[in-house]
There are 2 protein chains.
Amino acid sequence: MPDATDPAPMNARRKFRREGEGRRRQDLIEATLDSVAEYGLQGATLRTIALRAGVTAGLIRHYFPGKEELLQEAYTALVGRMTEQAKAALVMDDASPRQRLAAFVTANLNAPIIDARVFSLWATFLGRAGADPALARAHRDGYLGFRNEVEAVVAEVLAAEQHKPDAGELRHHAIAINAIIDGLWIEGCLAGEMFSPGELAAIGIKAVEAELGLAPLKQFQEK
Amino acid sequence: MPDATDPAPMNARRKFRREGEGRRRQDLIEATLDSVAEYGLQGATLRTIALRAGVTAGLIRHYFPGKEELLQEAYTALVGRMTEQAKAALVMDDASPRQRLAAFVTANLNAPIIDARVFSLWATFLGRAGADPALARAHRDGYLGFRNEVEAVVAEVLAAEQHKPDAGELRHHAIAINAIIDGLWIEGCLAGEMFSPGELAAIGIKAVEAELGLAPLKQFQEK
DNA sequence: AGGTTATTTATACACTTGCACAACAAGGCC
DNA sequence: GGCCTTGTTGTGCAAGTGTATAAATAACCT
């Protein structure tokens, strides 16, 4: 119970620190993603987001024109991070195309890309992409970038195997491999505990190699 | 402009018809799915749903304890319909296992299963499955039922090909094929206009046959 | 140190939301 | 027909929403 000699003023205004604009915007975007992942789009209110970011709700309007723009920027940041992580697995200079492809599949089917929180965000935003052109565009850009990466690696792999696929064949392979990775990614995110560690990656590599008509290699089997 | 001799009473209460309980509940569930697909979970308010169902908002509480239960029943109905449609493609008595598998893939990669509205619903609800155990359970049941169907057909196909896979091998095939279908389904729903008719099904069949190590058949190529 | 700026808080407001409840009427039963 | 059940409407309400804006104050400049 408060003492009569309580030294604190009764209506003390909250202490705060001024952060740089970049930092605050990033914090708010992160808080937005956290809130959406945990409570969904309906539960991600400005007050919830502000609470998680450690500020008050009014501040959001100082950095974003409105809630919609905040959500769009958050989704753009999410998509960018996802594709960036995925493509990072491809930068292995001193590796054969096949090794790079296998590493790509493995990276996409393990943490941190297999992640329930990211999946929740992905699904939540994508559910609104049908009605929100801005979200649809953000997704489309990320998806096409991803598929182009796949197609490039596939072309290298087939070239190394003395295959010379035409454009249509290459495209079909890229679409199928993209589907394999996406589908396994979803299964892993939604029911990760149903698979032993590395199992999804092993399934994915075998499926991709079968799609490309490659004989299995030993070195990328589950160790 | 209303005439001074307007015969209608000014505060006329709305005319209505009494529908059977089954019909009303189904109409409300359908209106809920429509609203969620079009406006998302946040936009699917009781008033929006009631408007689309042709009733007033208060009536919803006469059939459902609250909004949450309505949403859960709607999602359950959606999942049930999806898996039912998918499995319906498998009931071809006088067909070889391989034909049935190909027909299954084809059915899942064309309308009405490839559908932007259904995808929007699927993603929207699944985004909340991470936080809502009831939704997670509804999804899990549908998914496992689907995968078991796949596994059964795969077993028949391999048996017809004189293969005798062990349980682990069979499970891996089912997981991979399920991923292929899911991944292509998503691509088709999100960017259907990027694919020519039948293209996704052709890609899917080829990928599935490659996964199972089957030599391609002519009769299920794109015609 | 003192003045200035613009970041941050706090409050207010119009509006929507899910839910509760009383009034009403549609359709079956006698 | 008249009554009775209950499906259905309309209204009200408290809580919560996004947005607007004034007041406060942390940090920078000289």
Side-chain angles (χ1 to χ4, degrees), chain A residues 8-32 35-36 38-75 124 128 132 134, chain B residues 8-36 38-75 124 128 132 134:
Chain A
M10 303 213 324
N11 287 346
R13 189 171 254 250
R14 174 181 176 156
K15 297 294 183 209
F16 62 92
R17 280 202 334 160
R18 300 185 147 188
E19 303 283 357
E21 163 161 353
R23 171 69 185 275
R24 266 281 132 81
R25 289 179 64 93
Q26 187 162 336
D27 282 352
L28 286 172
I29 285 178
E30 209 56 42
T32 302
S35 301
V36 172
E38 191 156 353
Y39 311 110
L41 275 178
Q42 35 179 1
T45 71
L46 290 181
R47 285 164 177 85
T48 301
I49 294 169
L51 179 68
R52 194 175 287 249
V55 298
T56 52
L59 184 61
I60 294 180
R61 287 267 316 187
H62 198 260
Y63 290 102
F64 299 91
K67 191 192 180 185
E68 196 172 321
E69 287 81 1
L70 171 61
L71 286 173
Q72 281 172 9
E73 285 207 33
Y75 182 57
T124 300
R128 279 202 42 180
D132 187 331
Chain B
M10 304 213 326
N11 286 345
R13 189 171 256 249
R14 174 179 176 158
K15 297 295 183 210
F16 61 91
R17 282 199 333 157
R18 300 186 150 191
E19 302 282 357
E21 164 161 352
R23 171 68 185 275
R24 267 282 189 262
R25 288 178 65 92
Q26 186 163 337
D27 282 352
L28 285 171
I29 285 178
E30 209 55 43
T32 303
L33 292 177
D34 282 341
S35 301
V36 172
E38 190 156 352
Y39 311 109
L41 274 178
Q42 35 180 0
T45 70
L46 291 182
R47 285 165 177 84
T48 301
I49 293 169
L51 179 68
R52 195 174 287 249
V55 297
T56 52
L59 185 61
I60 294 180
R61 286 268 318 190
H62 199 258
Y63 289 102
F64 300 91
K67 190 191 180 186
E68 197 171 320
E69 288 82 1
L70 171 59
L71 287 172
Q72 281 172 9
E73 285 207 33
Y75 182 57
T124 300
R128 280 201 43 178
D132 187 332

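Chain identifiers are assigned alphabetically (A, B, ...) following the order of the sequence lines, protein sequences preceding nucleic acid strands; residue numbering begins at 1 within each chain.
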Comparing B:Gly43 with B:Arg17, nearest DNA chain C nucleotide closer to 5' gives the residue B:Gly43

Let's test your reading of the model: under 3.5 Å, does the base of D:dT9 pair with the side chain of B:Arg14 as donor and acceptor? no

Does the side chain of A:Tyr63 get closer than 4.0 angstrom to OP1 or OP2 of C:dT7 through an N or O atom? no

Next on the checklist: Determine whether a donor-acceptor pair (N or O, by modelled atom type, separation under 3.5 Å) exists between the side chain of A:Arg25 and the backbone of A:Tyr63.
Outcome noted: yes

Per atom distances to the A:Arg47 side chain, the nearest of D:dT19, C:dA25, C:dT8 is D:dT19

Rounded to whole Å, NE2 of A:His62 lies from P of D:dA26 at a distance of 16 Å

Taken to the nearest whole Å, OH/A:Tyr39 to C1'/D:dT17 is 17 Å

To the nearest angstrom, the CD1-P distance between A:Ile60 and C:dT9 comes to 11 Å

By nearest-heavy-atom nucleotide on DNA chain C, the more 5' of B:Pro65 and A:Glu21 is A:Glu21

note: B:Leu51, atom CG; C:dT17, atom P; distance rounded to Å ~ 12 Å

Side-chain contact check for A:Arg13: nearest option of D:dT17, C:dA10, D:dG7 is C:dA10

Phosphate oxygens OP1/OP2 of D:dT5: is one of them under 4.0 Å from a side-chain N or O of B:Arg18?
no

Atom CG of B:Leu28 and atom C1' of D:dT8 are separated, to the nearest Å, by 12 Å

Next item on the list: Measure the shortest side-chain to side-chain distance between A:Ile60 and A:Leu28 over non-hydrogen atoms and say whether it is less than 4.5 angstrom.
Entry: yes

When rounded to whole Å, the CD to C1' distance for the pair A:Glu19 and D:dT25 reads 15 Å

Q: Answer yes or no: does atom CD of B:Gln26 have more than 12 heavy-atom neighbours from other residues, nucleotides or ligands under 6.0 Å?
A: no

Note: for A:Gln42 and A:Arg61 on DNA chain D, the residue whose nearest nucleotide lies more 5' is A:Gln42

B:Glu69 atom CD is separated from C:dG18 atom C1', nearest whole Å, by 12 Å

Exercise. Just by modelled atom types, is the A:Ala44 backbone N or O under 3.5 Å from a matching donor or acceptor in the A:Thr48 side chain?
Worked result: no

For A:Glu69 and A:Gly66, indicate whether the former's side chain and the latter's backbone hold a donor-acceptor pair under 3.5 Å.
yes

Reckon A:Thr56 has a side-chain N or O less than 4.0 Å from the OP1 or OP2 of C:dT8?
no

Of the listed C:dG18, D:dT8, D:dG18, the closest approach to the B:Lys67 side chain comes from C:dG18

Between NZ of A:Lys15 and C1' of C:dT9 the distance, given in whole Å, is 12 Å

